[in-house]
Amino acid sequence: MLDLKFIIKNAEEVKKNCLDRNISADVNAVVNLAKERSSLISELDDIRAKQNQNAKLMKSKLTEDERAELIKKGSALKAESVKKDELLKSVNLRLKDMQAKIPNMTHPNAPRGKDEDSNNVKYIFKHPTEFDFTPQDHVELGKKLDILDFDAGAKVSGQKFYFMKGDGVLLEQALINFALKTLISKGFILHITPDLAKNSVLFGTGFNPRGSEAQIYSIENTDLSLIATAEITLAGLYSGEIFQEKDLPLKLAGYSHCFRTEAGAYGKSSKGLYRVHQFSKVEMFAYTRPEDSDAMLDELVSVEREIFERLEIPYRLVECCTGDLGGPAYRKYDIEAWMPGRDGGSYGEVTSASNCTDYQARRLNIKYKSSSKESNFIHTLNGTAIAVSRAIIAILENYQQKDGSIIIPKVLRNFMDKDILTPPVKSK
RNA sequence: GGAGAGAUGGCUGAGUCCGGUUUAAGGCGCUCGACUCGAAAUCGAGAAAGGUCGAAAGAUCUUCGGGGGUUCGAAUCCCUCUCUCUCCGCCA
């Protein structure tokens, strides 16, 4: 969330930012509630100071009358403070709720626009793959190769679930290992995180566990939800802590399963593996000093690019416009891989890297102590190393041969002990 | 799942039985200073985080795992939740 003082001081800019981002938030109401909160705190503190004084007086030797007098006075003060405290609590509750709806500020260079049509293409790697035959989509390919079974997923768990089978399993593990190995070489500390997290951690990361647009599965009768990304657990990992400046930047990698309800997300372009309820992902997460977060975002993007370039998959790099940023992001870059089978060939998002500045840190209370001994909110960033399901779409569709076999990208061959996937020979 | 013991500042650790003299002792580590050519040792001093008001100086409040309660007053009493440890059971 944004700092209250910042909102009050820069109310007009905050309002404009909400408009740019196509988010409705009542900034005026937040400002008014914040002022009400301040004066309530002052009043309550005054009463508490008097209570403390009164209690101190009770320690000295007193006559019965004096004692009775002080107790009476204390009772009155207490009644007053309880009343004030209740008022303050209700203001805080309303304020927090409204404050959370205000998105992060936006990098001045981020393109302005309502939706992804306004995103800026920054770079294009290779040209869309060309075929001298009609390419199939990954669903057909996966079925023929017998590595992907959506029917079985639907039978056992419902639509948008799937089984990976045979060489598909090897391919998934190869992608994960390739990503993990790449990240080690870049100085990331590897983690396998829990696949469930407390709702307070979800909230702190900017996900709304039970909101109307919740993408999140929550576990009945508990305070837990299935995570939508390891960003949640890696952000929660240091919640409430204070870093020493010398330990920054800290780069983490998190391998987890990701769960998304994807309510209402149907249609052609979300066919097959593109939008599923469960997938595996290796996520990058970084904690930095505020002055280093811009450079760290570039670093995360360069790792993502390297991964897809070494997989030799055509992609384009886009910078997301204001309307496509999501609440916590200050600036965001996506990599969209070429997917020949998607609507007859189109780019589809495979990674996303965001600089969240201090927006998550403020909610999660993560700080760092600088050499000047001052502590400040830290900056957090996240980026996808490999979202396995979508990477598999890109590999199957770009590397397919006329006979339906798939050439394995060079960098994955050692991890799989295979360089080609071929459809099984049907026994008669 | 059962039984028991715990959670105190950067770390360690007293205080909790029996509420007020604690401004949360002592130790370790840390910072600064003295001594020293320099260091160690020693001596002296300092140091938590956050909120509110304030231009600032400062004032004041909150925080002894979380939440709630009793009381004029809670680290201390009561309720509740979470987590940790020991033993037992079950288990990949």
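Letters go in sequence order (proteins before strands), and every chain restarts at 1. Bear in mind the structure is a predicted one, so any value in this text is a computation, not a measurement.
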Legend entry - Interatomic distance, A:R37 CZ vs B:G50 C1' [rounded to whole Å]: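 Going from CZ in A:R37 over to C1' in B:G50 covers 11 Å.
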Inset, instruction - Can you see which heavy atom on A:N119 is nearest to which on A:C320, and at what distance? - result: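 What the structure gives for the nearest pair is OD1-CA, 3.4 Å.
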Legend entry - Check against side chain to side chain contact (heavy atoms under 4.5 Å, CB included), A:K251 and A:M284: CA-CA 7 Å; A:K251 298 190 283 185; A:M284 300 179 280; over 6 Å; no
Less than 4.0 angstrom between a side-chain N/O of [X] and OP1 or OP2 of [N], yes or no?
X     : N     : result
A:K5  : B:U52 : yes
A:S42 : B:C61 : no
A:N52 : B:C61 : yes
A:R48 : B:U60 : no

Inset, instruction - Could you say whether A:K198 or A:D45 is positioned toward the 5' end of RNA chain B, judged by the nucleotide with the nearest heavy atom to each? - result: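 Result: A:D45.
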Inset, instruction - Starting from the 5' end of RNA chain B, give me the residue, A:A55 or A:L44, whose nearest nucleotide shows up first. - result: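 Its nucleotide being nearer the 5' end, the pick is A:A55.
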Inset, instruction - Assess whether one donor atom and one acceptor atom, taken from the side chain of A:N365 and the base of B:G50, lie less than 3.5 Å apart. - result: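 Under the 3.5 Å cut-off, the side chain and the base do not form any donor-acceptor pair.
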Inset, instruction - Name the nucleic acid region contacted by A:K367, choosing base, sugar-phosphate or nothing; use a 4.0 angstrom heavy-atom cut-off, strictly under. - result: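 Contact class for A:K367: sugar-phosphate only.
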Inset, instruction - For A:K35, report the nucleic acid contact type (base, sugar-phosphate, nothing); a contact means any heavy atom under 4.0 Å. - result: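 Result for A:K35 = nothing.
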Legend entry - Centroid-centroid under 6.0 Å between A:F285 and A:Y287 rings: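 Between A:Y287 and A:F285, which both carry aromatic rings, the centre distance is below 6.0 Å.
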Inset, instruction - Kindly indicate whether a cation-pi arrangement holds for A:R260 with A:Y217, taking the cut-offs as under 6.0 Å to the six-membered ring centre and within 45° of the axis. - result: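 No - A:R260 does not lie over the ring of A:Y217 by the 6.0 Å and 45° rule.
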Inset, instruction - Examine A:R289 relative to A:Y368 and say whether NZ or CZ is less than 6.0 Å from the centre of the six-membered ring and inside a 45° cone about the ring axis. - result: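 Checked: cation-pi criterion not met.
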Inset, instruction - Determine the Euclidean distance between corresponding P atoms of B:C17 and B:C11; express it in Å to zero decimal places. - result: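 Pairwise P distance, B:C11 against B:C17, rounds to 26 Å.
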Legend entry - Whole-angstrom distance between B:G20 and B:G9, as gauged at atom C1':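 That atom pair is separated by 23 Å.
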Inset, instruction - Would you list the pairs meeting salt bridge (charged side-chain N to carboxylate O under 4.0 Å, His left out) in which at least one residue belongs to residues 29-43 of chain A, sequence neighbours left out? - result: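 Passing the test, one end in residues 29-43 of chain A: A:E43-A:K84.
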Inset, instruction - Give a yes or no on whether a salt bridge exists between A:E69 and A:K73, defined as a side-chain N under 4.0 angstrom from a carboxylate O. - result: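 The answer is no: the pair does not qualify as a salt bridge.
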Legend entry - Test: A:D20 and A:K16 ion pair at under 4.0 Å: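 Yes, this pair counts.
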Inset, instruction - Pull out every stem in RNA chain B, meaning runs of 3 or more consecutive Watson-Crick or G-U wobble pairs with both distances under 3.5 Å. - result: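 Result, WC/G-U stems under 3.5 Å: B:1-7 with B:82-88, B:10-12 with B:26-28, B:30-34 with B:42-46, B:48-53 with B:58-63, B:65-69 with B:77-81.
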Inset, instruction - Strictly below 4.0 Å, heavy-atom distances to any atom of RNA chain B: list the hits from residues 67-85 of chain A, or just say none. - result: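 Listed by number, they are A:I71, A:G74, A:S75, A:K78.
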Legend entry - Proximal nucleotide (of B:U52, B:C61, B:G73) relative to the A:Q51 side chain: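 Selected nucleotide: B:G73.
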Inset, instruction - Would you sort out whether A:K144 and A:Q136 count as a side chain to side chain donor-acceptor pair (under 3.5 Å), showing the intermediate values? - result: CA-CA 11 Å; A:K144 285 175 187 160; A:Q136 309 176 65; 2.6 Å; yes
